[in-house]
Amino acid sequence: SGQATKKQWLIVRHVLEAQVERPGVLSTEMALAFPLRDVASGEAAEQAPLPPLPVFAYLPLRSYGLKFLLQADFVVPSSRESVDASSQWNQWLRDEVPPLFERA
């Protein structure tokens, strides 16, 4: 029925100094976004559990089962369907998610 909804998000960003070599890249930004629920209005009780959300490399890739959005400068194959798991850069970025999550 085309009804619009309004969501608020908590966004946590962090600039990372590159710990793995990638030509021309000295630093990169990673962001996590968490959908907020309005507990005072009772929305939390009415809302269904969150579905897994996609991972982004500036454009959406696929879901990896996370309940928050993850945006990072991942190396992706030409199909742009997923994160290249064999990339040392991506492995380093993956390892940086838990510390950023803790800051949230």
Side-chain angles (χ1 to χ4, degrees):
S1 59
Q3 190 175 17
T5 60
K6 184 177 176 181
K7 287 281 185 201
Q8 291 187 336
W9 295 77
L10 169 66
I11 300 173
V12 181
R13 294 185 176 120
H14 187 64
V15 175
L16 304 164
E17 298 302 318
Q19 301 298 309
V20 173
E21 188 173 336
R22 185 170 176 192
V25 180
L26 300 176
S27 65
T28 188
E29 183 179 72
M30 180 181 289
L32 307 179
F34 302 89
L36 299 176
R37 296 182 178 181
D38 185 358
V39 178
S41 71
E43 177 187 343
E46 297 171 13
Q47 195 168 18
L50 289 172
L53 298 171
V55 167
F56 287 76
Y58 303 104
L59 295 171
L61 300 174
R62 70 175 188 88
S63 172
Y64 286 86
L66 303 175
K67 300 290 185 168
F68 57 90
L69 295 176
L70 169 59
Q71 158 59 46
D73 185 18
F74 290 111
V75 174
V76 297
S78 60
S79 67
R80 293 204 47 87
E81 293 176 354
S82 62
V83 172
D84 179 0
S86 66
S87 162
Q88 287 186 334
W89 176 264
N90 289 345
Q91 292 170 16
W92 168 68
L93 286 174
R94 177 202 61 209
D95 293 345
E96 293 298 320
V97 173
L100 186 55
F101 186 89
E102 288 176 358
R103 289 187 194 136

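On a predicted model such as this, the values are computed, not experimentally measured, just so you know.
Here the straight-line distance linking atom CG of Leu69 with atom CG of Leu53 works out to 5.0 Å at 0.5 Å rounding. To the nearest 0.5 angstrom, Gln19 atom CD is 12.5 Å from Thr28 atom OG1. Atom-to-atom distance recorded for Trp89:CH2 and Asp73:CG is 6.0 Å, nearest 0.5 angstrom. Atoms CH2 and CZ, from Trp9 and Phe68 in turn, are 11.5 Å apart once rounded to the nearest 0.5 Å.
Hydrophobic clustering of Ile, Leu, Val, Met, Phe, Trp and Tyr side chains at less than 4.5 Å, counting indirect connections, keeps Met30 apart from Ile11. Note on Tyr58: it does not cluster hydrophobically with Val75, by side-chain heavy-atom contacts below 4.5 Å among ILVMFWY residues. Following chains of ILVMFWY side-chain contacts shorter than 4.5 Å, one cannot reach Leu100 starting from Phe56, and the two form parts of different hydrophobic clusters.
Take Tyr64 and apply the ring pair (Phe, Tyr, Trp, His ring centres under 6.0 Å) test, not counting sequence neighbours, and it matches no residue. By the salt bridge (charged side-chain N to carboxylate O under 4.0 Å, His left out) test, Arg94 is found to be paired with no residue, residues two or more places apart in sequence or in another chain being considered.
In the displayed structure, Leu26 atom CG is contacted under 6.0 Å by at most 12 heavy atoms of other residues, nucleotides or ligands. Crowding of Arg62 atom CZ: a count of heavy atoms from other residues, nucleotides or ligands under 6.0 Å exceeding 12.
Counting all heavy atoms, side chain and backbone alike, Val83 lies closest to Asn90 at CG1-ND2, 3.2 Å. Shown here for Leu61 and Arg80, the closest heavy-atom pair between the two residues is CD2-O, 3.3 Å. Summarising the geometry of Pro35 relative to Lys67, their closest heavy-atom pair is CD-O, 4.2 Å, with the distance given to 0.1 Å. In plain terms, the two heavy atoms of Gly65 and Pro52 that are nearest each other are CA-CB, 3.7 Å. Taking all atoms of both residues into account, the shortest heavy-atom contact from Ala18 to Val25 is CB-O, 3.9 Å. Contact record, Gln91 with Ala85: NE2-O, 2.9 Å, taken as the closest heavy-atom pair.
Screening Glu29, Arg103, Glu96 for a side-chain hydrogen bond (donor to acceptor under 3.5 Å, both in side chains) with His14, the sole residue that qualifies is Arg103.
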